[in-house]
Amino acid sequence: MPRLTVTIDIFSGRPNPVIELTAKHSREALALLANFRRLEEGEPGLPPVPTLGYRGLVVEQVGTRVARLPRSFRVAHGTIVGPPAPLAVPDEAFEEFVLSSRFVRPLGLGREFPRVVAHEIERFRKMRKRWPWHPPTRKRPIKLLRCRCAPLYEPAWWNDGGQKQGRNNCYNYGSNYRTDTFHQIPGGSQPGAAAGAMYTSLTGPSVRTAAIADGLIDSPYANNRCPAEGHLVALVIAPNIDFHWYRKGRTGRWSHKPGSTPVIDVDNSNAVIADPRTADRGMYTQFTTFMVVMHGHIRIK
Amino acid sequence: MADKCVGTALIYSGRPDPEWRISGRQVAALSRVWAELSPSKSEQPRGPALGYRGCSARCASGDEWFAYGGVVTLTDRNGAVERRSDSEGRFEAALLGTAPKGVLPARLRARGRIIRVFRNNPG
């Protein structure tokens, strides 16, 4: 018989409270889920994306699991959601059992917490009615925007003539990561500096390695195509002089920020940049690679 | 204008632009070149997106020279702007020439050669 670990999925900033049931209590709790049936079409389902506030109880079976239930599943208002298909039990006794004061009080979340949870359960019940469950059907694939994850081209935001423009360089702009450290601190806005692995020479391999240390993903075969997630940047080198970055925007056009100067979307010949490999890049004669920036995954000093 | 200044060559994108101290004596020499230039009604030309985009001298007094493309602009501490013609690039070369060895890209640091090379071949 498994032991259950139950997470009250309710918080956003704080860690969710976790209740670890004893073997005896796990057995009692699972008995409340024994008499299940398949969820019928049209019964309340779950919102397509997680919402703020109570989102149900996440149950994990530790040890030998009850074969008829998934290893991990979500329970909300008597609905059991987990692979392969959602189930329903006749009542909400499982939630009442787990959220009883004997398990919640030791969590030390304050006297108000049970009342808040009760209120949230009712709020979530109303919300679920807006998302009736339907069996999955084969749908035609949705045609996505070519660079749907790429940042917008917002030159006015960067080109303030002050701090944002002057203290951020091509690497900040390319990665869409404002630090306000360019020219301000040693290693400011430099690839690899945040990871303690700044480039050691102004060559493609050295700067690329430094950028990888910051969390960028090398994509030499991207061939100017946007990634499914994150956005595409391009690294070019003025050998032994400098490096430069371009970024591909949501419309599929490239833009860049030369040093402390304004953000622009044209090359040295004032032409729109369809592909940085063929743009007029002045002294940045070596195209090194395409890379992918996964939003939130990188760090720049 | 004989105070100490900081010279900057606007050239890089990823790295910080090179900066260097300009001594009072060098500033005096620059002032002499400036005094020999004739007034200009031209707008200050802008450089290309990437590569050399001009050079400047920011002085402790608040005055600042900016030289590029045959025009030198002096902005004084009160914001007053004066432009002079530098069609031969004398002031620009003199200003870049105050950079110590090793501050500017090696192949471009030679005084006089800088202007010619950057203008003719930004790459």
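Proteins get letters first, then strands, A, B, ... in listed order; numbering begins at 1 in each. Reckoned from all heavy atoms, side chains included, excluding hydrogens, waters and symmetry mates.
Side-chain atoms of A:P258 and B:R53, non-hydrogen and from C-beta on, do get closer than 4.5 Å to each other.
Nearest approach of B:P16 to A:H183, heavy atoms of both residues: CB-CE1, 3.4 Å. B:A49 and A:I264 make their closest contact through CB-CD1, 3.3 Å (heavy atoms, listed as atom of the first residue, atom of the second, distance).
Environment of CZ in B:R46: sparse, with no more than 12 heavy atoms of neighbouring residues, nucleotides or ligands closer than 6.0 Å. Residue A:R299 qualifies as open at atom CZ: its count of foreign heavy atoms under 6.0 Å is 12 or below.
In this structure a side-chain-to-backbone donor-acceptor pair under 3.5 Å is missing from A:N268 to B:P48. Counting only distance, with no hydrogens or angles, the side chain of B:R15 and the backbone of A:I241 share a donor-acceptor pair below 3.5 Å.
Only the side chain of A:F182 comes within contact range of chain B, with heavy atoms under 4.5 Å apart. Contacts between A:Y199 and chain B at a heavy-atom distance below 4.5 Å involve the side chain alone, from C-beta outward.
Note: A:G259 leads A:G188, A:S189, A:G259 in heavy-atom pairs under 4.5 Å with chain B.
We find the OG-CE distance between B:S13 and A:M283 to be 8.0 Å, quoted to the nearest 0.5 Å.
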